[in-house]
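This report refers to the structure that appears directly beneath it.
Order of the sequence lines fixes the chain letters, A, B, ..., with proteins taken first and strands second; residue numbering starts at 1 for each chain.
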2 protein chains.
Amino acid sequence: MLELGSTSLIIVGAVALIAVVCLAYAVVLRRQVLAAGEGTRAMQDIAQAVQEGAAAYLNRQFRTLVFFAVAVCLLLLLLPGDTGIKVGRSVFFLLGAGCSAAIGYLGMWLATRANLRVAAAASLPGGRAEGARIAFRTGGVVGMCVVGLGLAGASIVVLIWRGDAPAVLEGFGFGAALLAMFMRVGGGIFTKAADVGADLVGKVEQGIPEDDPRNAATIADNVGDNVGDCAGMAADLFESYAVTLVAALILGKAAFGEQGLVFPLIVPAIGALTAILGVVITRVRGSESGLAAINRGFYTSALVAAVLAAVAAFVYLPSTFAALPGVGASLADHGGDPRIVATGAVLIGIVLAGVILWLTGYFTGTTSKPTQHVARTSRTGAATVVLSGIGVGFESAVYTAGIIAAAICAAFLLSGGSIVLALFLIALAGCGLLTTVGVIVAMDTFGPVSDNAQGIAEMSGDVSEEGARTLTDLDAVGNTTKAITKGIAIATAVLAATALFGSYAASVSEALADLGETVAGATGVTGAMLSYEIINPVTLVGVILGGCTVFLFSGLAIDAVTRAAGAIVFEVRRQFRDNPGIMTGEVRPEYGKVVDICTRDSLRELATPGLLAAFAPIAVGFGLGVGPLAGFLAGAIATGVLMAVFLANSGGSWDNAKKIVEDGHYGGKNSDAHAAVVIGDTVGDPFKDTAGPAINPLIKVMNLVALLIAPAIVTISVGDDANHAARLGIAVLAAAIAFGAVVMSKVRAARVDSAARLEHEMELVRD
Amino acid sequence: MLELGSTSLIIVGAVALIAVVCLAYAVVLRRQVLAAGEGTRAMQDIAQAVQEGAAAYLNRQFRTLVFFAVAVCLLLLLLPGDTGIKVGRSVFFLLGAGCSAAIGYLGMWLATRANLRVAAAASLPGGRAEGARIAFRTGGVVGMCVVGLGLAGASIVVLIWRGDAPAVLEGFGFGAALLAMFMRVGGGIFTKAADVGADLVGKVEQGIPEDDPRNAATIADNVGDNVGDCAGMAADLFESYAVTLVAALILGKAAFGEQGLVFPLIVPAIGALTAILGVVITRVRGSESGLAAINRGFYTSALVAAVLAAVAAFVYLPSTFAALPGVGASLADHGGDPRIVATGAVLIGIVLAGVILWLTGYFTGTTSKPTQHVARTSRTGAATVVLSGIGVGFESAVYTAGIIAAAICAAFLLSGGSIVLALFLIALAGCGLLTTVGVIVAMDTFGPVSDNAQGIAEMSGDVSEEGARTLTDLDAVGNTTKAITKGIAIATAVLAATALFGSYAASVSEALADLGETVAGATGVTGAMLSYEIINPVTLVGVILGGCTVFLFSGLAIDAVTRAAGAIVFEVRRQFRDNPGIMTGEVRPEYGKVVDICTRDSLRELATPGLLAAFAPIAVGFGLGVGPLAGFLAGAIATGVLMAVFLANSGGSWDNAKKIVEDGHYGGKNSDAHAAVVIGDTVGDPFKDTAGPAINPLIKVMNLVALLIAPAIVTISVGDDANHAARLGIAVLAAAIAFGAVVMSKVRAARVDSAARLEHEMELVRD
């Protein structure tokens with residue numbers, strides 16, 4: 001076991017202290033947010049309903065997921081390995097999952113209180129800056145908690161397990177990622193089913209505006225913003241944080257020894273401090289847009305983080321690779337300076353974050369060409385809006401993926417060709433990206449809070465025209481910040497997954513060495529199963545299947561939304577029909593019923609994508625071998641990054657194209673052009689808020705599952721015939737679970753198919 | 001040089017003879033088609049205009065491409081290698097390109113004559129069977145020519161070059177694939193720009209029906225069907241045929257020696273004979289649907305082909321691997337029976353074709369659940385139509401890709417773990433698929449010919465209501481057969497590309513051996529460049545970039561259509577405005593102007609995707625190395641198959657959902673539901689007929705480029721610093737060409753942006 005020196009222990013302790021500072025600052029910010037005015041009685045009533053719906057949903061979701069978490073926890077104990085580490089890993093799995101859940105809950109809790117306050121602030125004359133401040137501070141609380149809990153978890157593990165920390169941290173990261181994936185999928189289905197359902201009946205059929213209190217689905221729509229965009233995104237970014245740290249610590253130990261275990265903690269600790277700075281300095285000045293203020297906060301804190309990281313590298317790391325412990329022979333030959341190389345890697349990550357921020361803003365912002373082009377195509381109808389949005393999505397996905405690929409190449413060039421070092425540097429670049437996460441979370445939460453505030457203002461009818469314009473403004477900024485966060489989240493996913501990829505290979509070699517075998521020595525089917533060569537056709541099969549998983553996952557998520565939205569359309573229409581007083585405004589619709597349908601449907605649809613993500617890599621790994629499983633991961637990463645950005649940015653672009661038209665261009669509200677952009681926006685809803693963002697945790701869950709099962713695959717592959725039978729048995733079982741879940745979802749779809757219900761209803765209308 | 005025995009030479013001679021028989025049968029069929037009645041004067045006038053427009057477009061396209069072909073031909077001579085082979089390869093490159101062009105031209109020529117005859121036949125009472133027969137026979141001519149020219153080319157090369165045939169055939173396949181890609185892209189942009197433009201002004205703005213003669217874009221729309229769907233698809237399938245044969249011959253030589261060079265010719269020769277059978281027996285009986293007749297022809301000929309292939313294997317191949325010449329040590333250990341293994345591989349291919357046929361029919365047919373579901377979502381508006389169609393596309397892509405992956409795995413299992421054998425078996429499975437190509441081409445050409453016939457009937461106004469219904473029926477069958485062909489084409493693309501992947505590795509090893517180096521022996525950056533290990537982060541970068549290329553290519557194609565369609569909208573609106581007599585039917589619109597715009601725009605937009613496909617692999621290969629280039633190909637194949645099937649099937653499903661509504665369901669024509677499915681169909685147009693099908697040749701072009709440049713990359717990678725500088729220079733130059741083309745296309749887009757023209761026009765309207 002690798003022991004840590006006293007300097008290292010002091011540094012790790014200091015990191016833990018910074019984590020505590022972050023959490024304390026979160027408490028301060030929370031108080032500031034809650035101290036703001038709560039607006040009129042009508043506003044408070046609406047906010048109350050949203051709070052209750054959101055809390056009820058999350059509570060039911062957590063109850064559902066507890067069983068799943070316990071089952072996985074027990075499965076983890078079945079894997080081969082040292083018992084002490086296994087128990088630690090299982091405990092930290094639960095802890096990771098718990099932290100993800102807690103942060104999600106906190107994000108929802110605060111957002112459902114802040115929305116009201118933002119609406120109240122914006123309704124006062126000149127309240128624009130104050131509204132933006134509250135929305136951003138709310139995000140600050142969540143950001144500080146993400147950073148604080150992530151850092152605290154990692155540093156405590158390192159303090160307790162020292163050199164064995166990486167194995168235990170795998171559990172922490174896995175728990176965080178798995179829970180975040182479920183929250184993303186479930187919350188995503190909830191929010192978009194409500195949103196799409198509300199729009200289809202409200203705007204399209206009845207011609208009443210968005211967030212009109214006569215629409216029974218409006219409260220559900222606002223609940224959805226909180227459980228999907230706030231809770232889901234907070235859990236997702238916490239998971240990104242945890243998994244990237246885990247990857248960096250695993251690879252750091254292999255490449256730099258003790259220093260490699262400590263340095264990746266220093267970088268995000270610096271990021272935690274600069275995030276505080278970022279939140280403090282982000283203030284809207286005069287009439288500048290909210291986006292300009294946020295960008296200033298982001299770039300300033302990123303710059304300071306870069307400088308401090310360089311200082312830390314030069315103070316903490318030795319000047320030659322030969323002086324590092326635990327480094328392979330190839331590194332000693334490197335001849336470079338570890339301080340420069342490490343600083344370079346962190347800088348790559350920070351620059352990557354900045355470039356993605358700029359790029360996403362460019363593709364989805366209301367003031368830049370691509371979205372204006374999408375808005376302009378509204379004159380030739382909905383088809384051209386859909387096509388141009390898809391074009392923007394494809395294009396931005398290519399540039400984003402290309403830039404992430406360039407960052408990986410740059411890290412590789414820094415390594416001088418050593419794979420071990422290259423992987424660590426990629427993980428360090430991920431840590432560099434993480435330095436910006438505090439501000440990013442704050443930016444992201446900004447979106448749903450302003451969206452909700454707009455909803456509350458509209459429903460209550462207590463907001464002046466100027467206040468409404470302010471809120472629309474903030475909401476548009478929120479659309480872009482949400483897209484940016486998705487871009488950053490997918491970038492960390494790719495970097496973390498690429499780094500984990502390396503840990504996976506190390507884990508395989510270690511298992512083989514324990515068995516006295518080598519990859520090169522194996523022949524026949526076993527040899528093919530253990531070969532990493534990409535030109536092996538079975539590896540290519542793995543790549544294809546990895547891509548398939550991403551497509552299937554996305555398709556399932558989109559279908560789930562369409563289906564649940566159909567159920568909501570049915571319910572809202574029923575309420576309008578059964579109670580004509582709703583349309584005249586005399587009777588309040590039964591909001592709670594729609595919230596119940598959303599809750600029930602999204603929990604039901606949650607399992608399929610989750611089981612697919614967890615069991616597909618097991619089926620591929622045991623069925624085809626470690627090489628094809630590596631191919632599977634590569635295919636999932638490549639297709640995943642493209643698909644995630646495509647879905648996020650085309651959705652973001654459609655949403656803002658709608659804002660442009662609603663702002664009075666091309667005919668403004670209620671024109672043909674408006675109808676066209678509303679269709680685009682509705683198509684984009686499940687793209688950007690359900691399928692797209694869930695791909696990010698998906699990639700990491702699959703990578704972590706692969707990492708955890710790698711030794712078991714190797715052990716069983718090189719064994720005798722009985723082992724091979726067991727191997728195939730596991731593969732078939734896993735495939736049956738993954739695919740069975742998909743089939744079950746189809747069967748259920750056929751049964752509860754909203755289409756059938758619509759059929760029924762059409763008959764009622766005809767009678 | 002491997003010499004062929006006299007038995008082999010006789011067999012190859014017999015194959016050449018079968019090729020001649022196919023071409024002769026094509027002449028017979030052509031006479032039958034042309035002998036049918038030509039309908040009324042009005043029909044003939046319209047057909048004449050379509051013929052002239054299509055011929056003019058293809059002539060201009062070929063003139064543009066001649067320069068490109070000659071340039072590539074000269075570049076091929078610059079690659080390292082034996083001069084005799086290089087000259088042969090360059091000559092056969094031109095020959096392959098020429099055959100692709102000739103078949104495309106022939107397909108267009110005949111289709112523009114058959115459309116009229118199908119319309120005439122269908123307009124007679126009870127003319128349904130006769131109409132279907134003519135449409136299918138027209139396809140038969142093209143199918144026979146594809147098979148005949150492909151077989152003739154391959155057998156002649158084998159007769160002349162014997163053992164060196166594979167190297168020369170690379171040129172033949174590359175020429176065919178490159179030209180087919182350009183024809184697919186150019187024709188695809190033409191056809192969908194015209195179609196979308198016509199729909200946007202006609203159906204959406206003016207409320208006149210599809211193919212109304214008052215719409216200035218209708219002739220262009222019909223021309224597009226012929227240059228895109230007929231000429232493009234014929235060239236595409238010829239290219240699939242040629243490249244699969246090339247891959248099988250290269251790998252057959254490595255695995256089975258002489259027998260491996262001859263057997264892959266026997267299988268498609270059998271397919272040629274059974275294709276004749278399939279065309280002869282395909283007759284619509286009584287009131288059965290056209291699809292049932294086509295399916296019967298397909299399955300019968302596939303079954304006969306399977307039996308004959310088994311017989312051929314048992315007669316021609318020896319019973320043990322040890323008896324085969326030129327086989328590696330791993331094969332002699334195999335212990336299996338080459339006859340059984342080869343038969344198994346061919347069967348895999350034939351079964352794969354059958355399964356894809358069924359699966360695509362299921363997902364896109366008017367009578368099956370998925371498309372009916374899409375049609376039903378039209379009640380909740382266009383957004384749900386778009387979303388449900390995307391869901392169907394994703395799902396069908398996953399199943400199709402999964403089945404292709406299963407076929408690769410099955411071939412691998414048959415090989416008992418030997419990579420050399422596995423790759424040959426995959427190529428043989430491709431040959432098995434090829435046995436069905438004759439019928440497939442016939443099925444595919446059915447689609448545009450019936451579509452055109454419907455157009456001519458509608459425009460001439462000379463067709464009875466019953467005749468119109470018959471043509472709508474045939475057109476719906478055509479939508480499904482078109483989707484099926486795309487599925488089969490992408491399956492051959494994946495099998496051929498996977499097999500070529502193996503040739504690529506062999507080519508790298510050979511080049512290394514010539515230099516006295518090994519992949520394992522190289523270290524540092526060079527080692528990383530030569531490593532095939534998928535866990536190398538740079539290989540992963542390759543996978544990501546491969547996926548990026550497919551996304552960018554698709555996005556460019558879709559954008560090009562949107563842009564060109566905008567120009568057409570502008571022109572048609574202008575004609576309506578400048579000449580009010582058009583709307584009243586007194587004045588004939590200027591059809592030729594729209595055809596000219598389509599021709600000009602599609603030729604202009606053609607270059608960018610083409611340059612991207614040709615130069616991206618060069619940039620990756622020289623910039624990152626052979627391993628990352630392999631990753632690039634794997635990423636392109638995996639993303640490509642998913643994207644191609646997604647685009648083809650969601651488009652096919654939307655198209656047929658529209659047919660369902662137009663058939664009187666959910667309100668029928670001119671209802672809200674109809675408006676929703678028209679939007680879905682318009683979104684699907686560039687999906688299914690421009691971007692989707694072009695991905696198939698794209699994958700093969702990139703694989704063949706990689707195969708051709710592999711030795712050059714190896715030679716330059718292991719060299720000294722000067723070589724490394726040259727390597728980087730080539731990479732930067734290639735990247736600049738590929739990316740420069742994309743940038744140029746953006747710049748042009750900004751200049752000629754249809755949106756800007758629309759802006760201008762709106763002002764005119766306002767004045």
Nearest atoms (heavy-atom pairs only) where [X] meets [Y]:
X: B:R573; Y: A:R379; answer: NH2-O, 4.4 Å
X: B:T380; Y: A:L200; answer: O-CD2, 3.3 Å
X: A:F551; Y: B:M643; answer: CZ-N, 4.3 Å
X: A:G391; Y: B:D559; answer: CA-OD1, 3.6 Å

Item checked: Pairwise side-chain contact, B:L387 with A:I558, heavy-atom cut-off 4.5 Å (strictly under) -> yes
Notebook entry, point to check: Hey, does B:F412 have a side-chain heavy atom less than 4.5 Å from the side chain of A:N536?
Noted result: yes
Check: Looking at B:A505, B:A422, B:P537, which has the largest count of heavy-atom pairs under 4.5 Å with chain A?
Finding: B:P537
Note to self: Under a 4.5 Å cutoff for heavy-atom pairs, which residue among B:A557, B:C548, B:S554 has the most contacts with chain A?
What the structure shows: B:C548
Counting only heavy atoms closer than 4.5 Å, note whether [X] contacts chain B via side chain, backbone, both or neither.
X: A:T498; answer: both
X: A:L642; answer: both
X: A:I390; answer: side chain
X: A:V561; answer: neither
X: A:F553; answer: neither

For chain B, find which of [options] contributes the most heavy-atom pairs closer than 4.5 angstrom.
options: A:V683, A:T384, A:T682; answer: A:V683
options: A:I544, A:V392, A:V398; answer: A:V398
options: A:L552, A:L423, A:V550; answer: A:L552

Notebook entry, point to check: From B:T539 OG1 over to A:I419 CD1, what is the distance, rounded to the nearest 0.5 angstrom?
Noted result: 7.5 Å
Check: How long is the gap from CG on B:L540 to CD1 on A:I637, to the nearest 0.5 Å?
Finding: 5.0 Å
Next item on the list: Could you tell me which portion of B:V196 (side chain, backbone, both or neither) has an atom closer than 4.5 angstrom to a non-hydrogen atom of chain A?
Entry: neither
